[in-house]
Asker: 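Take this structure first; my questions come after.
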Amino acid sequence: MTRQRGFPSRAGIGLRAPHVDELLATRPAVPWLEVHPENYMGGGAALASLESVRREYPVALHGVGLSLGTAGTIDQQHLARLKALMDRIEPCLVSEHLSWSSTGSAYLNHLLPLPYTEESLSVVAGHIHEVQGVLGRRILIENPSSYLRFRHSTIQEPEFLAELVRRTGCGLLCDVNNIYVTAWNLGLDAVAYLEALPVDAIGEIHLAGHAENDADGRPILIDDHGSPVAAPVWKLYERALDRFGPVPTLIEWDTDIPALAVLLDEARIANGLMETATGRDDHARAA
């Protein structure tokens, strides 16, 4: 996938409502921001504030409501609202999750897993084709965090994502924390997962914190976006940079949201690791 020209391969932050006023007042040197479009589809003051932000920064849209994995149809009203917002904001990136959250007229406030089979692959690919056709652009699909696997799944998750890329021309949003959480919970090799993803498809990376819960005496990791990026996730991010090169990277924080400065500090760490990885690449080419 060709990455967007002029868009910096630097670390941005997820912009949440508690930080909007401070961001506009202080104009910190963050290269880009990402928001959930569903928070701005109703117009009003929220949309006005986003337009103010957009005048100062590139903004990416990271959707949570398209339900690409549903066995039913895509919500056309939701898709039309996303298109209208996209046309208004002109985002640098548009992404969605590999999950489902609606069926018929029922909507669930969760990103739910789906089995990885030929049938579900055809369904998701068809929905991605439809969405990209309406939006008029390629979207990125994010790998989920997993806490269970379906016994009748016949395709490994990285291969499922790679086949979506091949069938639809979509890109991938590589959530490194999700890979770490999934690998821990399901007993997988996180590095092998990274190495199975198609290099040219990676258009964005996400980093976030996770929590540890006890499940009948066994530790389970929960992708709660409520703490700093964990040390092993930073290590896995370094491996991702070695494989994919410097990719636009986002710091996510959605629960127990701290001061804006904390997110900016996390972004600075990511930028430092990107600079180090770029230096290694330059040295290897010169050798």
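Not measured: the values here are computed from a predicted model. We number each residue from 1, following the sequence as shown.
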Asker: To the closest 0.5 Å, what do you measure between CG (Leu85) and CG (Leu50)?
Answerer: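 It is 6.5 Å, given to the nearest 0.5 Å.
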
Asker: How far apart are the closest heavy atoms of Ala267 and Ala11, and which atoms are they?
Answerer: O-CB, 3.5 Å

Asker: Ignoring hydrogens, what is the shortest heavy-atom contact between Val176 and Ala240? Give both atom names and the distance.
Answerer: CG2-CB, 4.2 Å

Asker: Side chains of Glu142 and His62: do they bring a donor and an acceptor to under 3.5 Å?
Answerer: yes

Asker: Do His206 and Glu204 have side-chain N/O donor and acceptor atoms under 3.5 Å apart?
Answerer: yes

Asker: With His210, which of Trp253, Trp184, Tyr180, Tyr147 fulfils ring-ring contact (aromatic ring centres under 6.0 Å, His included)?
Answerer: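 Among Trp253, Trp184, Tyr180, Tyr147, the one meeting ring-ring contact (aromatic ring centres under 6.0 Å, His included) with His210 is Tyr180.
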
Asker: Looking just at side-chain N and O atoms, do Tyr40 and Ser49 make a donor-acceptor pair shorter than 3.5 Å?
Answerer: no

Asker: What's the separation between atom CG in Leu197 and atom SG in Cys174, rounded to the nearest 0.5 Å?
Answerer: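 These two atoms lie 5.5 Å from each other.
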
Asker: Give a yes-or-no answer on whether the side chains of Gln156 and Tyr116 include a donor-acceptor pair shorter than 3.5 Å.
Answerer: no

Asker: Which pair of non-hydrogen atoms, one from His97 and one from Gly63, has the smallest distance, and what is that distance?
Answerer: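 Smallest heavy-atom distance, with atoms named: ND1-O, 2.8 Å.
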
Asker: Would you say Glu119 has more than 12 foreign heavy atoms packed within less than 6.0 Å of its CD?
Answerer: no

Asker: By salt bridge (charged side-chain N to carboxylate O under 4.0 Å, His left out), which residues pair with Arg167, not counting sequence neighbours?
Answerer: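 Partners of Arg167 by the salt bridge (charged side-chain N to carboxylate O under 4.0 Å, His left out) criterion, ordered by chain and then number, come out as Glu118, Glu163.
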
Asker: Is there any salt bridge (Lys or Arg N to Asp or Glu O under 4.0 Å) pair reaching into residues 187-197, and which pairs are they, with sequence neighbours excluded?
Answerer: Glu195-Arg239

Asker: Nearest 0.5 Å please: distance from the OG atom of Ser95 over to the CG atom of Leu172.
Answerer: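 Going from OG on Ser95 over to CG on Leu172, the span is 11.0 Å.
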
Asker: Within this structure, what is the CD1-CD1 distance for the pair Ile141 and Ile128, rounded to the nearest 0.5 Å?
Answerer: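 So the CD1 of Ile141 and the CD1 of Ile128 are separated by 4.0 Å.
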
Asker: Classify the side-chain pair Ser120/Thr117 by whether it contains a donor and acceptor separated by less than 3.5 Å.
Answerer: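 Yes, because at least one side-chain N or O of Ser120 sits under 3.5 Å from a partner of the opposite role on Thr117.
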
Asker: State, with a plain yes or no, whether a side-chain heavy atom of Trp100 is found less than 4.5 Å away from one of Leu68.
Answerer: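 No, too far: nothing below the 4.5 Å cut-off.
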
Asker: Could you list the cluster mates of Leu186? Members are the ILVMFWY residues connected by side-chain heavy atoms closer than 4.5 Å, either directly or through other members.
Answerer: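 Under the 4.5 Å side-chain rule, Leu186 groups with Leu188.
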
Asker: Same cluster or not: are Met274 and Ile269 linked, directly or through other Ile, Leu, Val, Met, Phe, Trp or Tyr residues, by side-chain heavy atoms under 4.5 angstrom apart?
Answerer: yes

Asker: Are Phe150 and Ile220 linked, directly or through other ILVMFWY residues, by side chains that come within less than 4.5 angstrom of each other?
Answerer: no

